[in-house]
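Before any comments, here is the structure.
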Amino acid sequence: MLQADADINFSEALLGRKATSVEELIALYGGMIAHGTENDAKGVAAMIPQLQPSQVTAAMRTLEAAGRLRRANERVIEFQKKLPIAELWGRGDKASADMMALDSSRYLYNARVDPRRRTFAAGIYTHVLDRYGVIYDQPIVLNERQGAFAVEGIERYNTTGEDRVRIALLAVDTHGYTNAAMTVAKLTGFDLCPQLRNLSERKLHLPNGMKPPDAIERVTVSGVSIRAITKHWDGLLRLIASIRTGRLSPAIAVQRLGSAAQGDPSQRAADQLGRLLRTLFLCDYFANPAFRRKIHTLLNRGESVHPLQYAIYYGKIAHDRGRRTDEMKAISGSHALLTNIVMAWNTSRMQAVVDRWRKQAQAVDEAWLRRAGPAGFGHINFRGTFSFGVGRYADALVQGSAKANHETPLRLDGRKR
């Protein structure tokens, strides 16, 4: 963590400045661990003997300030994207999105019964870049349709950085898809590409009066009203303008166009256009093997991050945690930050090995590197007694001279004492 922080300075983004002392820096790390894992302030203080529970609690409240965890995550992502090996994994213009369920108390406001495990859980919805890295996270209510949150994450990511590569394609599963979500996604500048279940039952929707070729007539259905789309096109554009000007959240916009809004002209236009967009997607999905493999690769890449996420947060959200919206966002953001730190550190170590091999004139198979992701965690111990050797990194992490603050030799090496 210390080495990653020295390279990235995510602690500066969290505090809004450099830490003024070693104690403040370590307390900040403790707050991250308390929010991003199943531990509470008392448990983290037991893991880090230099801290008191009150220091960890104060740091946890600091992390609940709006925007801090988001800025820190963006710094980690930008650091990882600049490493040459990351270019082999993707161009940074594609992503996948999926939800992970964290076991929780039944009294949490966004907890619902997980249909698979029959236990109460809260949802954390994350967007994973094709170069790995969680680019957006948000707590959601379990078992809700996720299309609205899928669109919101990409729209927020695309509009917050002027010089970053925009996401042009987002792969999701069936839960991340609705006709309205496909419409809003397309009008905001990216393609929503769902891997749909029951593909054998999916029909291609055609405009009224269009006769399909005989070869595909059995899998087509007419009924899309072009008139409904053109007549209420201005209403859809006003909706997108409201999103772009910040007057309306993308998630709320998609939810307002859901089935509960039947009878609304804009809802009908969005639904009809979404049917056509889904038909175009299915044509590409069935007829273009390279495109189909791309979607599967993105989804598998996102799934490969889940074991790491569960290794970091393998327990249960306590009954007294996550009851406030700010605290639930801090849990989600800290968990994403710890996940990103592990993947960024793994990427930097992989890059160091590749550079050493090339310096020694060893052959490096790039095809192999493309399949070697940074989501492994078998070499990292997430539990135990930790100590931090800040003195080695104090010049980069602590405001002022490090010489005045390194009297206590501290390190975090991920090993138990």
Side-chain angles (χ1 to χ4, degrees), residues 81 84-99 126-135 146-147 150-151 153-154 157-158 165-179 181-207 210-222 224 273-307 343 364-376:
K81 286 167 59 178
I85 193 174
E87 297 179 2
L88 299 175
W89 298 329
R91 296 183 297 180
D93 63 343
K94 300 176 183 63
S96 64
D98 197 11
M99 186 200 73
T126 55
H127 293 66
V128 178
L129 200 64
D130 59 358
R131 293 186 175 185
Y132 292 92
V134 179
I135 59 174
Q146 300 159 12
V151 173
I154 298 303
Y157 179 81
N158 282 344
V165 177
R166 291 173 57 88
I167 302 297
L169 186 151
L170 177 68
V172 296
D173 58 13
T174 302
H175 287 290
Y177 151 80
T178 63
N179 290 333
M182 293 200 77
T183 295
V184 175
K186 191 66 174 180
L187 295 180
T188 52
F190 70 95
D191 293 319
L192 187 67
C193 299
Q195 186 182 35
L196 301 171
R197 63 169 174 249
N198 299 329
L199 275 178
S200 61
E201 301 175 8
R202 299 290 177 174
K203 301 293 186 179
L204 303 180
H205 291 270
L206 301 179
M210 177 177 288
K211 180 173 175 55
D214 294 339
I216 62 172
E217 185 175 6
R218 295 179 60 185
V219 296
T220 62
V221 56
S222 298
V224 174
L273 180 56
R275 292 170 186 261
L276 290 180
L277 292 172
R278 191 188 76 172
T279 298
L280 292 174
F281 163 73
L282 288 177
C283 289
D284 284 336
Y285 186 85
F286 287 127
N288 189 338
F291 177 75
R292 187 165 59 249
R293 282 195 298 270
K294 185 186 302 179
I295 301 300
H296 292 171
T297 298
L298 288 171
L299 291 170
N300 289 338
R301 195 159 290 178
E303 290 288 345
S304 71
V305 178
H306 284 334
M343 290 193 288
V364 179
D365 187 356
E366 291 191 351
W368 176 77
L369 292 178
R370 288 189 179 93
R371 292 166 175 78

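Values in this document were obtained by computation on a predicted structure and should not be read as measured data. All residue numbers in this chain count up from 1 along the given sequence.
Remark: F281 CZ to I295 CD1 distance equals 5.5 Å, nearest 0.5 Å. Taken to the nearest 0.5 Å, the CG atom of N300 stands 8.0 Å off from the CD atom of Q195. For the atom pair K186 NZ and L280 CG, the distance stands at 8.0 Å (nearest 0.5 Å). Atom CG of L204 is separated from atom CZ of R218 by 13.5 Å, given to the nearest 0.5 angstrom. The OG atom of S222 lies 12.0 Å from the NZ atom of K203; values are rounded to the nearest 0.5 Å.
Nearest heavy atom pair, residue S96 against residue G302, reads OG-CA, 3.6 Å. Among all heavy-atom pairs drawn from V151 and F190, the shortest one is CA-CZ, 4.0 Å. Shown here for R275 and N179, the closest heavy-atom pair between the two residues is CG-ND2, 3.7 Å. Here the shortest heavy-atom pairing between L196 and R202 reads CB-NE, 3.9 Å. Here the shortest heavy-atom pairing between Y177 and R278 reads OH-CD, 2.9 Å. The two residues T183 and L277 come nearest to each other via the heavy atoms CA-CD1, 3.9 Å.
Between D93 and R166, no side-chain nitrogen of the basic residue sits less than 4.0 Å from a carboxylate oxygen of the acidic one, so the salt-bridge criterion is not met.
Under the 3.5 Å distance criterion, the side-chain polar atoms of N288 are left unmatched by any main-chain donor or acceptor of D284. Between the T279 side chain and the H205 main chain, a donor and an acceptor come within less than 3.5 Å of each other. Side chain of D173 to backbone of H175: a donor-acceptor contact under 3.5 angstrom is found. Between the side chain of T220 and the main chain of P212, no donor-acceptor pair closer than 3.5 Å is present.
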Considering only distance and modelled atom types, tabulate donor-acceptor pairs under 3.5 Å from the side chains of residues 364-371, sequence neighbours left out.
unit_1: D365; atom_1: OD1; unit_2: A367; atom_2: N; d: 3.1
unit_1: R371; atom_1: NH1; unit_2: A367; atom_2: O; d: 2.9

Which atom pairs, donor and acceptor, lie under 3.5 Å between side-chain atoms of residues 127-134 and protein residues at least two apart or in another chain?
unit_1: H127; atom_1: NE2; unit_2: A150; atom_2: O; d: 3.0
unit_1: D130; atom_1: OD1; unit_2: G92; atom_2: N; d: 3.1
unit_1: D130; atom_1: OD2; unit_2: R91; atom_2: N; d: 3.4
unit_1: D130; atom_1: OD2; unit_2: G92; atom_2: N; d: 3.3
unit_1: R131; atom_1: NE; unit_2: G90; atom_2: O; d: 2.6
unit_1: R131; atom_1: NH1; unit_2: K81; atom_2: O; d: 3.0
unit_1: R131; atom_1: NH2; unit_2: G90; atom_2: O; d: 3.4

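The side-chain contact (heavy atoms from CB on, under 4.5 Å) search around E303 returns D98, H306, not counting sequence neighbours.
When side chains are defined from C-beta on, F291 counts as touching L169, because their heavy atoms get closer than 4.5 Å. The side-chain heavy atoms of R301 and T297, taken from C-beta on, include a pair separated by under 4.5 Å.
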| query | Yes or no on side-chain contact (heavy atoms from CB on, under 4.5 Å) for K94 and I167, after CA distance, side-chain angles and deciding distance? | reply | CA-CA 5 Å; K94 300 176 183 63; I167 302 297; 5.7 Å; no
